[in-house]
Amino acid sequence: MGTQPPKDSCCKMFMKFLFSHVGLCAMVILYCVAGGFIFEHLEKNNEEQICYESRSEYEPMEMKTINSTLKIFYDYGGAITTETSRELMYVQLQSVLETFRNNTLAIGYDGSWCQLYGQPNGPVYEWSWAGAVLFSVTVISTIGYGHIAPKTVWGRLVCIAYAVLGIPLMLLCLANLGDALADIFRFIYARICCCGCCKKKKRSKNQVAHLPHSESNTPGHWDSSDKKALTGTQDPLSVDFSRLPTRSPTDSLDASDTKKLRPSSRSSSRNVSPGRSKVKIAPLDLKKNDPVILDDDSDSDDDDDLDEKKITVPLTITMIVIGGYIFGGAVLFGLWEGWDWLQSAYFCFITLSTIGFGDVVPGTDFENPQAQAQLLLGSVYVLFGMAILSMCFSLMQEEILAKARWIGQKLGILEKDADD
C-alpha cells in the first residue's frame, strides 16, 4: 500500500494555490457570486414588501387628488366657465397636481403592480441575482453606484461584514494580478513592440582555448607566448607567474601561492581594461593539446535578468491601453444601452476610476429583456477593468521612477549604478 501524503503538505499546497494568481481570482469571483445569492435572499422579499407599502400610501393620495379635481370643476360651473373662472380653475388645478407629484416622489412609488412581481408581464426585481452580483462588485471595488442599497437590518449588517472582508481581498487580488499582467505586458513589449531595440546582452559562459605548452623542461614556467594564447591578445597582462609545483587538477592553491600570482605593480592593474574577462588559473600539469576552459562571466544569467527588469513601458503605451479599454466599453455599452458615445465613455471612466456617481448604470431599463445580461456584463467589465488598471498603474509607477532616477543622476543628486 502506498503511503498517503501528510496533512501538513496538503495544507501547504492548498494555501499556495489559494494565494496564487489563479487562486486569488477564483476567490474574488466566488466571493461576488456568493454575495449575489446572499443579498438577493436578504433584499428580494423586502423589495416586494416596500412596493406594497408604497402602493398603499399612493392609492389614498390618488383618490384625494381626483376628488379635489372634480370639486374644482363643480365649483366653477364645469364646462361653462368665464375667463376669470378658468384662470382660477387653472391655479387651483396646478396646486393640486403639484402636491400629488411631490407626495408621489416622496414615497418613491413608480406605479408598479406589486402582485405581478415574478410574472412574465410584471415588474422586474432590482435585487435579482444579476443585480445583486453587480452590487457586490461595486461594494468590494469601492465604486458604490448607489442605484440600489440594502434596506433591511440584516442586509445592512451583512453589507458591512461583506465589505470588511471583500475590500482587502479585492485589493490583494488586484495587486497580485496587476504585477503578473505587468510582467506579461512588459515581456510582450520587449519582444514585439521594441522590434529588437531592447535586446538583452548575451555573453558566453565558457570559452575553450588550447594551451600551447612550452618546450622548456621546467613544468612550472609559462612564457609570454603562453599568456598571449590564453588572453587572445598581443598585449601582455604584465602579470608575473612564479614557478609553482606541479599539482593535480583537484588541488587548490594555498595562501602563499595566491600571493605569488598577484600583479607585480599597480601600473599593470591599470593597463587591464575593466571589460576584460576574468581568467581561471588552470593546473600546470595539463597534457599537451588539452583544452583550457576560460570562464569570462559566471553571472551572465543574473545580468540577463537585470537587463530584463530594466525594461520599462512608456507612459504613452499605458495611456493608450487605458484609453482603448474605455473606448471599447463605450462602444459596447452604447450598442447595448442606446447611450451616446459621451455618456458611454463617461460611465466607463467613472466606473474604472472608482468614483461611481451612479447616475448612469447599465441594466436599469427593466422593460428590456436583456437587462439581466447587461448587469452581468457590467460586473465582468468592472472586474477586468480594475485588473487592467492595476497593471497600467504598476507599469506607470516603474516608468516614473525610472525617469526620476535618470533625472537625479543627470543632476548629480543620485549616484549612477555600477550596472549602468
Side-chain angles (χ1 to χ4, degrees), residues 25 28-29 31-33 35-36 39-40 43 47 105 108 110 123-151 159 162-163 166-167 169-171 173-174 177-178 181 185 315-396:
C25 293
V28 170
I29 294 174
Y31 197 74
C32 294
V33 171
F39 288 110
E40 180 190 12
E43 297 294 331
E47 180 183 353
L105 293 176
D110 58 356
V124 180
Y125 287 101
E126 290 186 355
W127 284 102
S128 61
W129 178 76
V133 168
L134 180 61
F135 171 77
S136 303
V137 172
T138 58
V139 168
I140 64 175
S141 61
T142 68
I143 295 175
Y145 288 136
H147 63 296
I148 56 173
K151 300 289 195 308
C159 182
Y162 188 83
I167 292 174
L169 176 63
M170 185 69 174
L171 295 178
C173 178
L174 289 178
L177 189 60
L181 292 177
F185 191 84
L315 296 177
T316 54
I317 302 297
T318 54
M319 295 301 294
I320 289 174
V321 172
I322 296 175
Y325 192 78
I326 292 177
F327 176 77
V331 173
L332 185 61
F333 286 107
L335 294 176
W336 274 45
E337 295 286 341
W339 299 337
D340 55 21
W341 67 271
L342 180 58
Q343 189 176 14
S344 301
Y346 167 80
F347 162 75
C348 295
F349 176 78
I350 292 300
T351 297
L352 295 181
S353 59
T354 68
I355 297 174
F357 289 134
D359 53 343
V360 181
V361 180
T364 54
D365 184 10
F366 297 105
E367 296 181 357
N368 188 354
Q370 297 179 344
Q372 302 300 315
Q374 292 171 3
L375 290 172
L376 291 178
L377 176 66
S379 303
V380 174
Y381 182 80
V382 170
L383 289 176
F384 274 96
M386 296 295 290
I388 291 176
L389 207 65
S390 177
M391 176 198 74
C392 293
F393 284 164
S394 178
L395 295 174
M396 291 169 68

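Because the structure is a prediction, the values reported are computed rather than measured.
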Any non-hydrogen side-chain atom of L375 less than 4.5 Å from a side-chain atom of V133? no
Taking the side chain from S344 and the backbone from W341, do they hold a donor-acceptor pair closer than 3.5 Å? no
Atom of P150, atom of E43 and distance for their closest heavy-atom approach: CB-OE2, 3.4 Å
Taking the side chain from Y325 and the backbone from G385, do they hold a donor-acceptor pair closer than 3.5 Å? yes
Are I140 and V28 close enough that some pair of their side-chain heavy atoms sits under 4.5 Å apart? yes
I'd like to check M319 versus M396 (side-chain heavy atoms, cut-off strictly below 4.5 Å). Are they in contact? yes
Under 3.5 Å, is there a donor-acceptor pair between the side chain of S394 and the main chain of M391? no
Judged by atom type as modelled, is there a donor-acceptor pair below 3.5 Å linking the side chain of E126 to the main-chain atoms of I148? no
Parallel, tilted or perpendicular, judged at 30° and 60°: which one describes the rings of Y162 and Y31? parallel
Tell me the closest heavy-atom pair linking S390 and G178, and the distance in Å. OG-CA, 3.6 Å
Atom of A132, atom of F39 and distance for their closest heavy-atom approach: CB-CB, 4.1 Å
Within the structure provided, determine whether Y381 and C348 are in side-chain contact (heavy-atom separation under 4.5 Å). yes
Do E337 and V361 make a side-chain contact, defined as non-hydrogen atoms from C-beta onward lying under 4.5 Å apart? no
Name the one of F349, F327, Y346, F347 that satisfies ring-ring contact (aromatic ring centres under 6.0 Å, His included) with F333? F347
Return the CG to CD1 distance between L383 and I29, rounded to the nearest 0.5 Å. 7.0 Å
Can you tell if the side chain of L177 reaches within under 4.5 Å of the side chain of M386, non-hydrogen atoms only? no
Within this structure, what is the CG-CG distance for the pair L395 and L181, rounded to the nearest 0.5 Å? 9.0 Å
Do any N or O atoms from the side chain of D340 and from the backbone of Q343 form a donor-acceptor pair under 3.5 angstrom? yes
Quickly, which of L315, I320, I317, I322 forms a side chain to side chain contact (heavy atoms under 4.5 Å, CB included) with C392? Name it, please. I322
Answer with yes or no whether the side chains of Y145 and T351 bring together a donor and an acceptor at under 3.5 Å. yes
Does Q374 reach the main-chain N or O of W336 with its side chain, forming a donor-acceptor pair under 3.5 Å? yes
Should L332 and L377 count as side-chain neighbours, where that means a heavy-atom distance under 4.5 Å? yes
Between S136 and G35, what is the shortest heavy-atom contact and its length? OG-C, 3.3 Å
For C159 and V139, the nearest pair of non-hydrogen atoms, with its separation, is SG-CG2, 4.4 Å
What's the shortest heavy-atom distance between S141 and V382, and which atoms? OG-CG1, 4.1 Å
